[in-house]
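Here's the structure, in structure tokens; my notes come after.
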Amino acid sequence: MANGILDIETASRLKRFYFRSPSRVRGRKAGIHKSLYKGISPDFLEYKEYNRGDELRQVDWRLYGRHDRLYVKKFEDEVNLAWCILVDSSASMGYGGGDSRKLRYAESLAATLAYLLLRQGDSVGAGSFSGKDLSLMPPRAGNSYIAPILEKLESLAPEGGTALAGPLLKALEVLKQDASFVIISDLLTDESEIEKALQLLKAAKKDAVIFHVLHEDEIDFGFRGPIEFLDMESQEKVIVDADAIRDGYRKRIREFTGRLKLLCHEYESRYVLSPTSRPVEEPLIEIADK
Amino acid sequence: MNFSFLNPLFLIGIAAVALPVIAHLISRKSGVVKKFPAVRFLIASRGDASARSRLKDLLLLLLRALVIVLLVLVFAKPALFTFAPAGSVGPRMLAIIVDNSFSMGYGGNFERAIDKASELIETLPDGSFGLAAPLVALGEGRLSPADGREALRNELRGIKISNTFTDNEKRLEDALAALEGAPGQTKEVVFITDLQKNGWHGGKTAGDWLRIIDVSEEAYPANRAVTGIDAGYGKDAVTLGLSVSNFSDKPQEQLLATVSAGGEDLSAYLDIPPGGTVTNELTIPGEYISGDMTLDKAQDKPSGEDRPALKEGSAAIPKDSLAIDDTRYFVLSDRSDFNVLIVDGDPREDARLSETYYLARAAETISEATGAHITVKDNDSFLVEKLSGYDLLFLANVGDVTEGRAKELGEFAVRGGTAVIFLGERVRASSYNALLKDLLPAELITEVEEETKIVPPPQSIFPEEVGERLSRAAVRKHIKAVPVPGAEVLLGLEDGDPFLIKKSLGKGSVFLVTSTADTSWNNFPITTVFLPVVKGFLDMPGSADEGKRNFVVGDTVPLDVLERTEGTEVISPSGKRYALDTGAALFENASEPGIYTVSESGKDYYKFSVNVDPRESNLAKLEAAPGAPEAPAGKGLVKVYRDIWRYFLWGAVMLFISEAAARAVFS
């Protein structure tokens with residue numbers, strides 16, 4: 001357990017959930033993801049205890065007759081997958097305090113997901129991006145890899161701006177293997193930048209899950225009276241009467257998230273709005289196979 | 001009407017209008033600075049809200065600024081001002097007395113006085129306190145200060161011209177006294193008058209508190225007036241002494257004077273020198289008096305009653321600028337005699353030794369001038385004499401008085417007769433005290449024999465020169481007397497005992513002289529003051545009131561009532577009827593000149609006339625106004641301010657409420 005960003009209890013509650021790639025992947029090891037290469041290695045690999053969601057036709061009934069337990073036969077055509085979890089560590093992610101701090105929430109989300117992915121046999125790499133910088137640990141399999149991932153995530157500090165396309169391009173260049181991307185960010189950058197990143201992912205035929213992390217204040221804007229706001233990235237100042245603009249702001253943020261959802265849908269990425277007030281397990285369940 | 005500020009320095013406070021703006025800016029600068037990731041959405045949202053917000057901010061800013069401006073203006077005391085004559089500035093404690101004596105009817109004096117008073121009221125500054133009252137009160141006459149111009153306007157509207165001669169100074173002093181209860185240090189009485197000389201007693205009321213405004217337009221207003229009608233009764237005719245005065249500096253020639261009586265007009269042309277009075281005798285023949293023509297006695301004489309018959313008429317001259325005194329009314333009474341009864345209690349063959357010798361001589365001397373009839377009776381004759389035919393009764397050393405006679409003496413006095421009682425050897429104190437208890441002004445004690453002198457009291461009823469000579473009268477013997485309550489000692493002795501005591505009884509009077517009417521006890525009858533004193537008895541109020549038919553406006557008219565006052569009423573010349581109060585045979589509403597009729601139980605009983613006081617007809621003006629002069633126009637004009645800051649305060653309050661409402665609406 002690494003200082004609380006990985007909540008074991010939450011992870012335990014999610015251990016029956018699997019996170020599958022929606023498309024076929026080029027996995028080299030056995031896994032739960034459908035291989036891009038069908039029938040290339042039909043040999044029996046191992047038995048796996050039956051879990052809900054397993055196909056019944058793969059159940060070894062004879063083994064069931066001997067042991068009175070359900071096992072499914074695993075063949076080489078179900079391969080593992082490499083995941084690249086990218087956490088936005090820009091300055092804007094530093095908003096909030098305690099567990100509701102956006103970066104903390106992103107770290108927790110990333111750690112839990114990494115734990116679960118490693119546990120289901122996938123390779124997981126983790127990194128962060130801030131401005132145009134990218135810091136990435138290449139994906140590796142094995143439960144023991146969770147420790148360096150947690151260490152990496154805990155070391156993140158909010159700074160710099162939010163630029164999505166640049167770091168993503170770097171990640172695509174760095175990664176030698178096929179991987180699905182998980183991007184955890186507040187996405188407070190130009191929508192064109194976001195669209196550009198989604199275009200890149202689609203062009204590279206990468207599955208992607210976008211966790212859109214927002215603080216409750218950013219959604220509800222519960223401030224009162226005249227306040228001078230300082231942008232955490234651009235340092236731009238603005239004095240507004242919070243009461244006067246609340247409705248307008250809420251409307252704009254709703255429109256923003258709505259557009260992002262559409263944009264992700266357009267580029268075949270999955271969009272999950274993840275307010276920091278929402279328990280970490282909820283957005284994860286949203287993307288899991290049930 | 002101009003606009004100004006009484007405290008203009010406070011206008012500096014207008015700078016406070018910047019406070020809301022500064023407060024807004026300060027709140028922005030010193031307010032919460034919050035780091036926030038989604039500022040770009042704030043900027044975008046601000047654009048949406050800015051239009052509404054700007055409207056709200058602008059409106060609130062405007063309201064707040066206006067509140068401040070109005071509050072500053074309240075402190076700066078905005079005021080409207082007009083220009084008014086100097087001396088009329090600032091809140092004033094003012095009594096405005098309008099001369100409404102009938103001389104103000106000359107030309108347009110009274111109207112000008114009302115206009116001037118109205119002008120004064122309108123230019124009174126806010127906060128002024130005062131009263132507006134007539135010089136002659138027609139009603140209650142109470143002087144009560146009021147607050148505000150509207151109250152003064154109402155009081156002014158109630159002022160009407162009267163027909164009365166006035167005593168200016170008392171009324172003005174009363175007005176000043178009425179202001180005593182009003183706030184403010186300086187009290188002021190403004191008297192708007194024609195400045196007629198009559199009515200002032202030498203300008204003794206001069207003081208800072210009195211300001212006189214002369215509204216007459218002439219230095220010496222010319223006026224003619226019928227100033228008197230004296231009737232002389234003869235056997236076959238009545239002679240009317242008609243007095244007409246010329247109150248001007250020019251002679252009046254061939255002025256037609258007409259006496260109208262019984263449908264007949266008697267005329268005369270009069271030449272009157274400037275400032276002079278001419279008396280012309282006009283004779284009404286006997287047939288008009290006793291015949292059956294218009295002045296028939298039967299018209300006025302109640303049937304079956306032994307009452308005097310009465311006739312009335314008027315004397316007039318052509319109307320001039322003051323018309324009210326150009327006609328004078330009169331009522332004739334055939335009660336022409338003034339009868340005096342002298343009762344001698346100690347008659348002697350030698351008249352010079354008689355008790356009433358000096359008294360009779362004095363009365364006869366006076367009767368030559370007054371036409372009084374003198375009758376001398378002894379004690380016995382007095383006891384059977386009918387007293388109702390007499391006006392004045394002298395009892396000199398009358399020792400024998402019966403109980404019935406004593407009662408009749410009381411009734412005689414109550415009816416209006418005057419009784420003068422001299423004492424002497426024949427008078428028994430105990431008998432007098434018992435029989436004349438209700439009549440005597442004093443209780444008789446005992447004879448005192450000592451040399452003493454008469455000492456007039458400080459407030460003597462006699463003229464000053466008489467008072468000085470009284471001290472020469474020596475009294476050797478007198479009867480000590482103790483005045484009864486209500487009696488008045490008119491003359492006293494050196495030893496402190498009273499010498500002459502008066503007691504009013506009904507409409508008449510009773511006088512008691514504690515010594516004799518002859519020289520046996522004193523030398524008073526042979527002093528030079530005896531005659532004036534005896535004449536004084538004849539002139540005493542109450543003497544011969546019965547039968548008096550001519551009065552002046554404002555007089556209290558004693559009425560000859562038949563039996564009771566219930567059902568008796570007086571009809572004024574204008575037809576107004578006045579019912580008499582129960583038990584009061586006095587008429588106090590003689591405010592209108594003309595012929596009044598006394599009616600009992602719906603039947604006319606007799607008439608009396610009421611005329612204006614001839615003193616008021618002389619319009620000669622006072623040379624110098626007593627008291628503070630009117631603020632002259634030469635001093636220029638000064639600003640008279642009218643505060644309007646209250647309106648600004650209300651405006652500020654309303655705006656404050658509006659501001660709160662606007663905030664509620666926009667939030």
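Reminder, nothing fancy here: chain letters follow the sequence lines and each chain counts from 1.
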Taken to the nearest 0.5 Å, the spacing of B:K34 NZ from A:K237 NZ works out to 16.0 Å
So, taking the atom named CD in A:Q235 and the one named NZ in B:K35, what distance separates them when rounded to the nearest 0.5 Å?
6.5 Å
Sequence neighbours excluded, which residues qualify as ring pair (Phe, Tyr, Trp, His ring centres under 6.0 Å) partners of B:F41?
A:F256
N/O donor-acceptor pairs under 3.5 Å from side chains in residues 62-81 of chain B, not counting sequence neighbours:
{"residue": "B:R64", "atom": "NE", "partner": "B:E659", "partner atom": "OE2", "Å": "2.5"}
{"residue": "B:R64", "atom": "NH2", "partner": "B:E659", "partner atom": "OE2", "Å": "2.7"}

Side chain, backbone, both or neither: which part of [X] has a heavy atom under 4.5 Å from chain B?
X	answer
A:L187	backbone
A:D247	neither
A:K102	side chain

Would you call [X] and [Y] a side-chain contact if the rule is heavy atoms closer than 4.5 Å?
X	Y	value
A:E218	B:F36	yes
A:L230	B:V39	no
B:I43	A:E236	yes

So which bits of residues 89-97 of chain A come within less than 4.5 Å of chain B, counting non-hydrogen atoms only?
A:S92, A:Y95
Just wondering, are more than 12 heavy atoms of other shown residues or ligands nearer than 6.0 Å to NZ in A:K170?
yes
Looking only at A:D243, A:T189, A:T162, most heavy-atom pairs under 4.5 Å shared with chain B are made by A:T189
B:L42 and A:F221: side chain to side chain contact (heavy atoms under 4.5 Å, CB included), yes or no, with the steps?
CA-CA 10 Å; B:L42 296 180; A:F221 199 68; 3.2 Å; yes
If I compare all heavy atoms of A:L188 with all of B:P37, which pair ends up nearest, and what's the gap?
CD1-CB, 3.3 Å
Mind checking what makes side chain to side chain donor-acceptor pair (under 3.5 Å) contact with A:E195, not counting sequence neighbours?
A:Y267
